[in-house]
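Step one of this worksheet: look at the structure below.
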Protein chains: 2
Amino acid sequence: MDTAGKRDDAEKEGPRRAGKTLVEGAYETLRREILDGTFEPGTKLRTEELRTRYNISGSTMREALTRLLGEALVTTEGQRGFRVAPASIADFEDLTRVRVLVETEALRQAIAHGDEDWESQLVASFYRLSKVEERLAQDQKEAASDYEGRNRDFHNALIAACPSRWLHYIAGILFQQSERYRRLALAKRSIPRDLHAEHKAIFDAAIARDPDLASKYAAEHIERTLTALRIALEPTGVKERPRKERAKPKVSLGLED
Amino acid sequence: MDTAGKRDDAEKEGPRRAGKTLVEGAYETLRREILDGTFEPGTKLRTEELRTRYNISGSTMREALTRLLGEALVTTEGQRGFRVAPASIADFEDLTRVRVLVETEALRQAIAHGDEDWESQLVASFYRLSKVEERLAQDQKEAASDYEGRNRDFHNALIAACPSRWLHYIAGILFQQSERYRRLALAKRSIPRDLHAEHKAIFDAAIARDPDLASKYAAEHIERTLTALRIALEPTGVKERPRKERAKPKVSLGLED
DNA sequence: GTCAAAAGAAATATCGATATTTTAAGCGGC
DNA sequence: GCCGCTTAAAATATCGATATTTCTTTTGAC
């Protein structure tokens, strides 16, 4: 009966229409849970399990899963269900390279086309990001949950003035993909890193309308996360992952070799 | 009772596993029908209509539609169903630019990494493409249906040696997107065009392992289709599209301004 | 006659149950 | 004791029907 009434954990975002569809709800929740590692890469996603978890029917759950398919967060094969998209260093290396290609291009275009409104939005999102970075530096744990969102907002603000719909579309997918890896890299604290300084460098160059410099800093920023993750996983060496589906060392977090 | 037994219209392709899922079947058929213009851009896609067209149930149809969503071939909004993704010259311009960015990069990497096997596959697909181009030049209508497939194969063969999964993924989506526009541009024959020569130029440069030259020709090739479509739509001028959902002049084929 | 509220029709979103496959378990034979 | 075959169990894919929403049309006041 209360078919649509369990959305009381109303996402703080949701700018407009509260009348979200059940599919959308499950899709968003599951996406977040994949991104934040609740479901590790490679994990089997049984519809039965999920359908009870989100209190929706089988077909509806499937539709939500299929959406994630389009964002490459889950995979599916023939007659054997869905699972969380696998993750590996190799994939992250690839992802990083392509992200640099796409985001630097978008950034260049944004700098070329950006008007005053773009600048002010950028200033605002940089400020918000800085604030949470401060808190993060003081090791306030609750800051971490805010960080990812504001980081995304800042990166979006940077390229917001890029007129290319397709670049935005692609950049969005790639950015989201890297979220899983970013989380790992940051959690590990492998290399000392002044994220605020990195962001500020990009920000300053963008405001100064220097596309080459902004691109350079953006590329370095993106690539540094890859380095960080590489180092974080290095000491442990090439640890073989046990065959069993469950019960894998928490450290690996689903990363394949 | 014969729930799954009406797949006798087995697609002539289907290289492997005949045990295709109903969702996959509907998805593939609908995709083709969107790409070949059976369903024009912007058209409403009523599940009821489609579900009878493909003889499957509502939820199954929805799942197929949701897959197309992930390839940006259909759109959906809140509680008001699906429709074919809109198309416009502006979109094609954008698409073209991004395609150039992505495909030239992929091509460079392919040329850098390609081995002998890559070369031979490329030779083979170029040969097959040439054959159908010959037939096309003689105005053999049935050749047109083969053309698109072989053209795709050739373009894939060109970048096949590119090691980046993500570039392949993105290039695939963009190439597919442009298929709708390509069809229009070719049908119109706006500018005289020697497609074979264009392809040969890219091919020769790739085999000669000249990344700059190959990229240059590839970019020109991609951009030429945009020019062709621009000119094809020019004479008719900025024709306003009638508000009514159906009954639009066949010439526009769903293109928005 | 115009506009808007209200009733009706059409379409969408969702459910709960069933048919099909895939995976796991059990069971002789060699 | 290991392998392949037969059953049983689990999971997936699909259906047909229903509740909700949106879109149309009707109707009734002003």
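The figures here come from the full heavy-atom set of this structure, side chains too, leaving out hydrogens, waters and symmetry mates. Each chain gets a letter, A, B and so on, in the order its sequence line appears, and its residues count up from 1.
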For [X], all residues meeting ring pair (Phe, Tyr, Trp, His ring centres under 6.0 Å), sequence neighbours excluded:
| X | result |
| --- | --- |
| A:Tyr27 | none |
| B:Phe39 | none |
| A:Phe175 | A:His155 |

Between B:Glu77 and B:Arg83, does any side-chain N to carboxylate O distance fall below 4.0 Å? no
Can you tell whether the side chains of A:Glu24 and A:Lys20 come within less than 4.0 Å, N to carboxylate O? no
For D:dC15, take OP1 and OP2 only and decide whether either is under 4.0 Å from a side-chain N or O of B:Thr60. yes
Tell me whether the OP1 or OP2 atom of D:dC15 has a side-chain N or O from A:Ser59 closer than 4.0 Å. no
Spacing of [X] atom [atom1] relative to [N] atom [atom2], expressed in whole Å:
| X | N | atom1 | atom2 | result |
| --- | --- | --- | --- | --- |
| B:Lys20 | C:dT20 | NZ | C1' | 18 Å |
| B:Tyr54 | D:dT14 | OH | P | 15 Å |
| A:Tyr27 | C:dT14 | OH | P | 15 Å |
| A:Glu63 | C:dT14 | CD | C1' | 9 Å |
| B:Glu77 | C:dT12 | CD | P | 13 Å |
| A:Arg51 | C:dG16 | CZ | P | 8 Å |
| A:Leu45 | D:dT12 | CG | P | 9 Å |
| B:Gln79 | D:dC23 | CD | C1' | 13 Å |

Nucleotide nearest [X] when distance is taken to its side chain, options [options]:
| X | options | result |
| --- | --- | --- |
| B:Thr21 | D:dT14, C:dC15, D:dC15 | D:dT14 |
| A:Arg80 | C:dC15, C:dT23, D:dT22 | C:dT23 |
| B:Ile56 | C:dT14, D:dT21, D:dC15 | D:dC15 |

Is there any protein nitrogen or oxygen under 3.5 Å from a nitrogen or oxygen in nucleotides 6-11 of chain D, and what are the pairs?
residue : atom : partner : partner atom : Å
D:dA11  : OP1  : A:Arg46 : NE           : 3.2

According to side-chain hydrogen bond (donor to acceptor under 3.5 Å, both in side chains), who are the partners of B:Glu105, at least two apart in sequence or on a separate chain? B:Gln109
So which pairs with a foot in residues 57-86 of chain B pass ring-ring contact (aromatic ring centres under 6.0 Å, His included), sequence neighbours left out? none
